[in-house]
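Take a look at the structure below.
Here is how names work: the chains are called A, B, and so on, in the same order as the sequence lines, proteins then strands, and each is numbered from 1. Keep in mind that this is a model prediction, so the values were computed, not measured.
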Number of protein chains: 2
Amino acid sequence: MQKYFETLSKCSLFHGINPSDMESMLGCLGGKIIAISKSDPIFLEGDPANLVGVVLSGIMQSVQEDYYGNRSVLSILQPGDSFGEAFSCASLESMPISVIAQKDSEVLLLNCKRILSTCTQACHFHRLLINNLIKELANKNLSLSKKIRYMSKKTTKSKLMAYLSDQAKTQGSAEFVIPCDRQTLADYLGVERSAMSAEISKLKKSGYIDTKGSWFCLKSENTL
Amino acid sequence: MQKYFETLSKCSLFHGINPSDMESMLGCLGGKIIAISKSDPIFLEGDPANLVGVVLSGIMQSVQEDYYGNRSVLSILQPGDSFGEAFSCASLESMPISVIAQKDSEVLLLNCKRILSTCTQACHFHRLLINNLIKELANKNLSLSKKIRYMSKKTTKSKLMAYLSDQAKTQGSAEFVIPCDRQTLADYLGVERSAMSAEISKLKKSGYIDTKGSWFCLKSENTL
DNA sequence: AATAAGATGTGGGAATTCCAACAAAGGAGA
DNA sequence: TCTCCTTTGTTGGAATTCCCACATCTTATT
């Protein structure tokens, strides 16, 4: 497990924690590392909600599905991101969402309650962890708000452009790579994949954007 | 300000805090009570993000608006609910949303950083406050996820029914009152008001629901 | 009670999305 | 290289939403 300590110290949940303290801390929190193959779930809707996950490698996605099989992607989780903390911190008894691997991935699982409750040994990193957890929860709020902002646009085109220009801003360049395929992007924006593909084609032909696979380039400042 | 201590002790942010401790705590946190008239803002997009608000009376709503004036209601805030904490805890420099009064309301404003940082006097309620804040952030996450679940449905009718059956479940009765008018509900669900009105009429005629003003009644278990 | 202002319901044409089916392109493995 | 399988792009008709205009109902004010 030591080989992950470097990676872990870069996760925002463990920000400020010394790699040398990692071992005792993970012991205290009941840490466990798990490998997940592409398309497999780590959490399924209905599972008990007491674990927090931290993505170590690969990409995960949190999804909801309704009776009719309509899939909604809530968030795309990259290495360093955590998930599940909101449900545990809100004391839900079961998970209202599933989390699945978009690619082969590795995940660290922790017992969330042990972050919240000071342990018997009064580990000195608890205060730090709690501050990090607050920041994580707040950031998750922001990312949900962002998704809502995209979904609130009325047309497929404007949802797409809102997302793409946000990506350009976040990644600091008009050229960037998105962390998902077309189907996942459509499920994230809440639109039909084929309709979105059609819009992408139109935007390409009009010269507003260029794209190939997961690579995109915004041609003008025209944020429709 | 004393007259609010009872109310405050019922807010989840202050859960477990004794009304008699309220005064020193509010002093420590820089508490300030403000009255807001209907339609007036307490926060505007772009304002510095360092305050947390707690609704004491009335109803507030957090909203986003885009270039074209399309309004999106992120959440409807009732007495006891707090707002703004996510932006402050995520260390944003400015608010990405506005918060306005849906009715004449009273709001308690606190300096959020002072909740997070142990004060010089090491107030004994800090630990409690931080736990409450975590729960608030987690619950806000859940409420955003709910909104996303409604918005992810494809038709206006199913968005509406998802919301209404959730309300019935939350309020524990097939009869209930929603905390907003039609326009606000439409802006919350991300649909057109007039189209939503039409759907409501159809659902009434089909006998699935009954409604008058903010009162609703679900007639069958038929969660479309 | 009269009036005004705001909220809600109704209607229809234009625009958009959904949906399903299929074509084309890309990638992995034999 | 060839084949299979997955992803992406294309198309057209049906269904839905948007948008505007206006009727009706409600509430507040004088």
(message) So which atom in Gln171(B) and which in Val177(B) form the shortest heavy-atom distance, rounded to 0.1 Å?
(response) NE2-O, 3.1 Å
(message) What is the separation between atom CD1 on Ile200(B) and atom C1' on dT17(D), rounded to the nearest whole Å?
(response) 15 Å
(request) Quick one: closest heavy-atom pair of Ile76(B) and Cys180(B), and the distance? (result) CD1-SG, 3.6 Å
(message) Among dT8(D), dG9(C), dT10(D), which nucleotide has an atom closest to any side-chain atom of Arg193(B)?
(response) dG9(C)
(message) With a cut-off of less than 4.0 Å, is there a side-chain N or O of Lys204(B) near OP1 or OP2 of dG9(C)?
(response) no
(request) Heavy atoms only: give me the nearest Met151(B)-Lys159(B) pair and the separation to one decimal. (result) O-CE, 3.4 Å
(message) In whole Å, I'd like the distance from the CG atom of Asp181(A) to the C1' atom of dG27(C).
(response) 14 Å
(message) Please determine whether a side-chain nitrogen or oxygen atom of Lys154(B) lies at a distance below 4.0 Å from atom OP1 or OP2 of dT17(D).
(response) no
(message) In this structure, how many angstroms lie between the P atom of dA7(C) and the CE atom of Met196(B), rounded?
(response) 13 Å
(message) Check the phosphate of dT17(D) against Thr156(B), side-chain N and O only, distance under 4.0 Å to OP1 or OP2. Yes or no?
(response) yes
(request) Kindly say if Lys212(B) contacts the phosphate of dT26(D), meaning a side-chain N or O under 4.0 Å from OP1 or OP2. (result) yes
(message) Check this one for me: any side-chain N or O of Arg182(B) less than 4.0 Å away from OP1 or OP2 of dG9(C)?
(response) yes
(message) Taking atom CD as the centre, does Glu23(B) end up with more than 12 heavy-atom neighbours from other residues, nucleotides or ligands that are less than 6.0 angstrom away?
(response) no
